[in-house]
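Remarks on the structure that follows.
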Number of protein chains: 2
Amino acid sequence: MIKIKEVAQLARVAPSSVSRVLNDHPDVSPEMKERVLRAAEQLGYQPNFLAQSLRTGATRTVGFVVRDISIPMFGGIVKGAEQELESYGYSVLLTNSLQNSALEAKHISVLCQRRVDGLILSLQSEASAETFKALDNVQVPVVLLDRELIGLPADAVLFDHASGVQEAVADLVDLGHRRIGLLVGSSRTRASRDRIRGFMAACEGAGTSANWDSIVELPTATLEVVGQATASLLGQAVTAIVAGDAQIGTALLGAMKERKVQPGRDVSLVICDDLELFRLVDPAVSVVYRDAEQMGAVAARILMKRLSGGVAGPIREILRTNYVARGSTMPPPETSVLPQGRALRAVTGSSGKRS
Amino acid sequence: MIKIKEVAQLARVAPSSVSRVLNDHPDVSPEMKERVLRAAEQLGYQPNFLAQSLRTGATRTVGFVVRDISIPMFGGIVKGAEQELESYGYSVLLTNSLQNSALEAKHISVLCQRRVDGLILSLQSEASAETFKALDNVQVPVVLLDRELIGLPADAVLFDHASGVQEAVADLVDLGHRRIGLLVGSSRTRASRDRIRGFMAACEGAGTSANWDSIVELPTATLEVVGQATASLLGQAVTAIVAGDAQIGTALLGAMKERKVQPGRDVSLVICDDLELFRLVDPAVSVVYRDAEQMGAVAARILMKRLSGGVAGPIREILRTNYVARGSTMPPPETSVLPQGRALRAVTGSSGKRS
DNA sequence: CTGAAAGCGCTTACAG
DNA sequence: CTGAAAGCGCTTACAG
C-alpha cells in the first residue's frame, strides 16, 4: 500500500502539501497541485482510512442494528439506507440483534467502540433496560426506526400504521363485516399500539362498538401461536382478520390453510406488509403497504443532516401506509348483497382502491 | 471518551502497562494487573478501535458485497455470516451492488481502502472486467459465494445446484413427464450452468434425449420476461417447469396465474429456493432447498481460518441442495395412472421425500 | 503558498 | 516485570 510520504517524494513536496491537495485545500498553487495529482495517480495512492479517521475523529461509518436481516422488510430498510449513505461517502456496519435485547445492547456498544459517526437502530422493544443503558453511553446521533424511547430525545422515522389499518377496517366494515379480529405483536411496541389505535378508530367510526376482545397480542409469530389465536378468533365468529405484519400474515395463511378456511370466501383477510407472493396466492391478499426502502433512505438523510449540524430538537418523520384492497376482502359469507354503505363509499371514492 | 493515559494515571502505571494488562500479555504482575483492571473498570475504559487498528494493522472487519440485501436469500447469507463473524469479534461492513458491476467494483475498492481484513463477495457475474480489475488490487483474503472466477485463486463456497435439480427432474420423469422446461438466469454464472448440468443429467439418465430447446436463459426475472418465456415453453407443450431461483419462481407463479394455468394440475412446477409462502400457495410448491445461513456461516469460517494463516491452496466448500416434493408436482394431465418407474423409485426410497 | 512539527490513541520492540 | 520511546499514516495549526 502506497502512503502519502511516497507520493510526496515523487512529487518533490512535503507530505502536508500532498494532504492539502488531496483534501481540496484552497491555498495551493496550480503547479504543485498538478504535480501532486499526477504522482498520486501514477502510484495509485489511496489514503489510509484508519489514519484519516483517527486524526479527524470521523469514520464516515454508520452503525446499523437490525433485528433480523433475513426478514425482507429489514432487508429493504437496510438497502435504502445503504444506498443513500453511500452517496454521501458513508459505509454501513451491520449487526443482527436476533430479537435479543442483550445482544442488541452489546452491539450498540461495540459499534460505539468502533467509533461510528451515528447509529440507525431497529430495536426489539421500547422498554429494554439493557438497551436503555447502552444508549446512555452513546455520544453520537441516533435515528430510531419505528420506535419511540421515552426520555430519549433521538431522531426517529415512524410508519403511520394506524391510518393504513383504519382504512382497511373501514373497508371491511363497508363490506358488511361486524366482527373483525386483529392479530398484532407485543403492544410494548409502537407499531402494534398504532395498529390497535387505527383498528379502534375504524370500529368507532363505523358506529360499531370497538371489539377489544377480538384484538390478540401475540408473543411470537410462529405457526403454532398464530394458529391458536386464529382458532380463538374463529371461535368468536369473526368474519375478517387483520394481520399486523408479514410474519403474522404468513403464519395466518398457514393456519387458515391447515384448517381449510379459505381467505375471502370464508374469512376476509388483510395483511400489513406487501410481499410479492401475497399477490399470487388465491385470492390475492389485501394488504397495508409500507415502503421499507423509503424508511431506510429517510433515516440516512436525517442522520446526514444531524451530522452536518445546526438542527435543534429531535426530528420525527412520519411515513404513510396504504391500504390496497384485493380479492381476500369480500362481503362476509351470510351477506349476499353489498350493504349500502359500501356502494356509497365506492362512489365517493373514499375507500381504498382495488387492484 | 476515556483514553489509556487516564487509566494509567489512575492506576499509577505507564500506558504501556495498561495495554499489556488489557491484551493479556503474560509478563505482568498480579498486583499491577489488579490495579489496572480496577481503574479501567472504574472509568469504563474502552480502547479506541481505530487507534488499535492503525497500530496493529488489523481491523477485525470483513467487507461484504451483496447484490441486493432485500432479497431474502442474501439476507439469510449475510445473517449467517454476521452471526459467525461476531463470535470471532469481527464486524461486517455491508454494501449492495444493486446488480451493477461498476458499483460492485467500486465497493470492493472502497472496502479495501477501509482496510477490511477480508472480503466475502456475492458477485453479479463471473466475467466482469471491472470486477476483475478491482479484485487485482485486493491484498486481503477473499471468499467467493457461489461464483468461480477463472484465474483467481480465491476461496469459495458453492451450492451444488446440479444435484437438487437433477433429483427434481428425475422425480418429474418418474411422474411421467417427458417434456420439461427449465428457466434459469444467465449462464455466465456458475449457478445457472450447474442447474443446466443437473437438468441435462436427469434427462439423459431417464433415457429421454436432453431437451436443449426447453432451456430458457433469462436476462432478468421480471414478470414480463418470465411471462414470455413461460408462454414459449407452454407453446412447446411442456408439462412441467423448473424455475432456477425464488425470483424466477415468483414471476413464474405470476405468469401462470395471469394465464390461468394451475400449478400441479395443468403444469407441474418446481422452484429452486424455498420461501415460506411457497408452502402456502395452493397447491404447495415443490422446491429445491438450499441453506442460505449455512452458506454465510461457512464463508465466515473459511475467512477466519484463512486469516489465522497456515492454509495453503484455495478452499472450496460445496453445500448440498435438496429436492422437496410437494403438491405442485403431479403426473402430467394426460396420464391417469402412476407410471411404473415412480412406484419403483418410491419403494427403493431414492426419490425425494414428499412433505 | 509551503514545510516542519505535533498529535490522534494505541502497541510493541527495547532497555533496564 | 515495568517504563520511555518510537511509530502506525494521516491532518492541521503554526511559522515563514
Side-chain angles (χ1 to χ4, degrees), chain A residues 1-40 43-61 89 109-110 112-117 139-140, chain B residues 1-40 43-61 89 109-110 112-117 139-140:
Chain A
M1 286 278 111
I2 305 297
K3 15 194 165 171
I4 203 169
K5 217 171 155 186
E6 306 173 45
V7 179
Q9 272 164 353
L10 183 62
R12 304 177 152 277
V13 295
S16 45
S17 293
V18 176
S19 176
R20 273 190 287 260
V21 169
L22 266 22
N23 289 300
D24 286 322
H25 190 97
D27 300 341
V28 287
S29 68
E31 313 90 78
M32 184 185 74
K33 185 169 182 173
E34 174 63 23
R35 279 220 310 287
V36 168
L37 254 20
R38 208 198 312 271
L43 297 171
Y45 172 68
Q46 289 193 319
N48 181 323
F49 219 89
L50 293 171
Q52 283 185 145
S53 297
L54 181 61
R55 179 60 229 237
T56 64
T59 54
R60 295 197 156 251
T61 305
S109 46
V110 166
C112 288
Q113 206 182 336
R114 284 176 173 270
R115 296 302 190 272
V116 294
D117 292 340
Q139 314 276 346
V140 295
Chain B
M1 285 282 108
I2 305 297
K3 15 194 165 169
I4 204 169
K5 216 170 153 187
E6 305 173 47
V7 179
Q9 273 163 355
L10 184 62
R12 305 177 152 280
V13 295
S16 44
S17 293
V18 175
S19 176
R20 272 189 288 259
V21 169
L22 265 23
N23 289 300
D24 286 323
H25 190 96
D27 300 341
V28 288
S29 68
E31 312 89 78
M32 185 185 73
K33 184 169 183 175
E34 174 63 23
R35 280 222 308 289
V36 167
L37 254 21
R38 209 199 310 273
L43 296 171
Y45 172 68
Q46 290 193 316
N48 182 325
F49 219 89
L50 295 171
Q52 284 186 144
S53 297
L54 181 60
R55 179 59 229 240
T56 63
T59 54
R60 297 198 153 248
T61 306
S109 48
V110 166
C112 289
Q113 206 181 335
R114 283 176 174 268
R115 296 302 189 273
V116 294
D117 293 340
Q139 314 278 347
V140 296

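All chains are named by letter (A, B, ...) in the order of the sequence lines, taking the proteins before the strands, and each is independently numbered beginning at 1.
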Next item on the list: Determine which nucleotide pairs with dG16(C), using a 3.5 Å limit on both distances of a Watson-Crick or G-U wobble pair.
Entry: dC1(D)
Notebook entry, point to check: Among side-chain atoms of Thr61(B) and Arg114(A), is any donor-acceptor pair under 3.5 angstrom?
Noted result: yes
Next item on the list: Looking only at side-chain atoms of Ala14(B), point me to the closest of dA4(D), dG9(D), dG3(C).
Entry: dA4(D)
Check: From the list dT11(D), dA13(C), dT2(C), which nucleotide is the closest neighbour of the side chain of Thr56(A)?
Finding: dT11(D)
Check: Hey, does Leu22(B) have a side-chain heavy atom less than 4.5 Å from the side chain of Leu37(B)?
Finding: yes
Note to self: Suppose we call a contact any N or O donor and acceptor under 3.5 Å apart; does that hold for the side chain of Arg55(A) and the base of dG9(C)?
What the structure shows: no
Check: Starting at the 5' end of DNA chain D, which residue's closest nucleotide do you reach first, Pro30(B) or Pro47(A)?
Finding: Pro30(B)
Next item on the list: Please tell me which of the listed nucleotides, dC10(C), dT2(D), dC1(C), lies nearest to the side chain of Val28(B)?
Entry: dT2(D)
Check: Where the side chain of Ala51(A) is defined as all heavy atoms beyond and including C-beta, which of dG9(D), dC10(C), dT2(D) is the nearest nucleotide?
Finding: dG9(D)
Note to self: As a test of reading the structure: which of dT2(D), dC10(D), dT12(D) is closest to the side chain of Arg20(A), going by heavy atoms?
What the structure shows: dT12(D)
Note to self: Donor-acceptor check, side chain of Thr59(A) to backbone of Arg115(A), threshold 3.5 angstrom: yes or no?
What the structure shows: yes
Margin query: Please classify the nucleic acid contact of Asn48(A) as base, sugar-phosphate, or nothing, using heavy-atom distances under 4.0 Å.
Written below: sugar-phosphate
Next item on the list: Go through dT11(C), dG9(D), dA4(D) for me and flag the one nearest to the Gln52(B) side chain.
Entry: dT11(C)
Please table the atom pairs, donor to acceptor, closer than 3.5 Å between any side-chain atom in residues 9-20 of chain B and protein atoms at least two apart or in another chain.
unit_1: Ser19(B); atom_1: OG; unit_2: Asn23(B); atom_2: ND2; d: 3.2

Item checked: Arg38(A)/Glu34(A) ion pair, N-O < 4.0 Å -> yes
Note to self: Tell me whether the side-chain N or O atoms of Arg115(A) pair up with the base of dG9(C) as donor and acceptor below 3.5 Å, since no angle test is needed here.
What the structure shows: no
Next item on the list: Rounded to the nearest angstrom, tell me the gap between atom CE in Met1(B) and atom P in dG9(C).
Entry: 11 Å
Next item on the list: Rounded to the nearest angstrom, tell me the gap between atom CG in Asp27(B) and atom P in dT11(C).
Entry: 17 Å
Checklist line | Contact nearer the 5' end of DNA chain D, comparing His25(B) with Tyr45(A) | finding: His25(B)
Check: So does Ser19(A) get a side-chain nitrogen or oxygen closer than 4.0 Å to the phosphate oxygens (OP1/OP2) of dT12(D)?
Finding: no
Notebook entry, point to check: Where the side chain of Ser16(B) is defined as all heavy atoms beyond and including C-beta, which of dC8(C), dG3(D), dC10(D) is the nearest nucleotide?
Noted result: dG3(D)
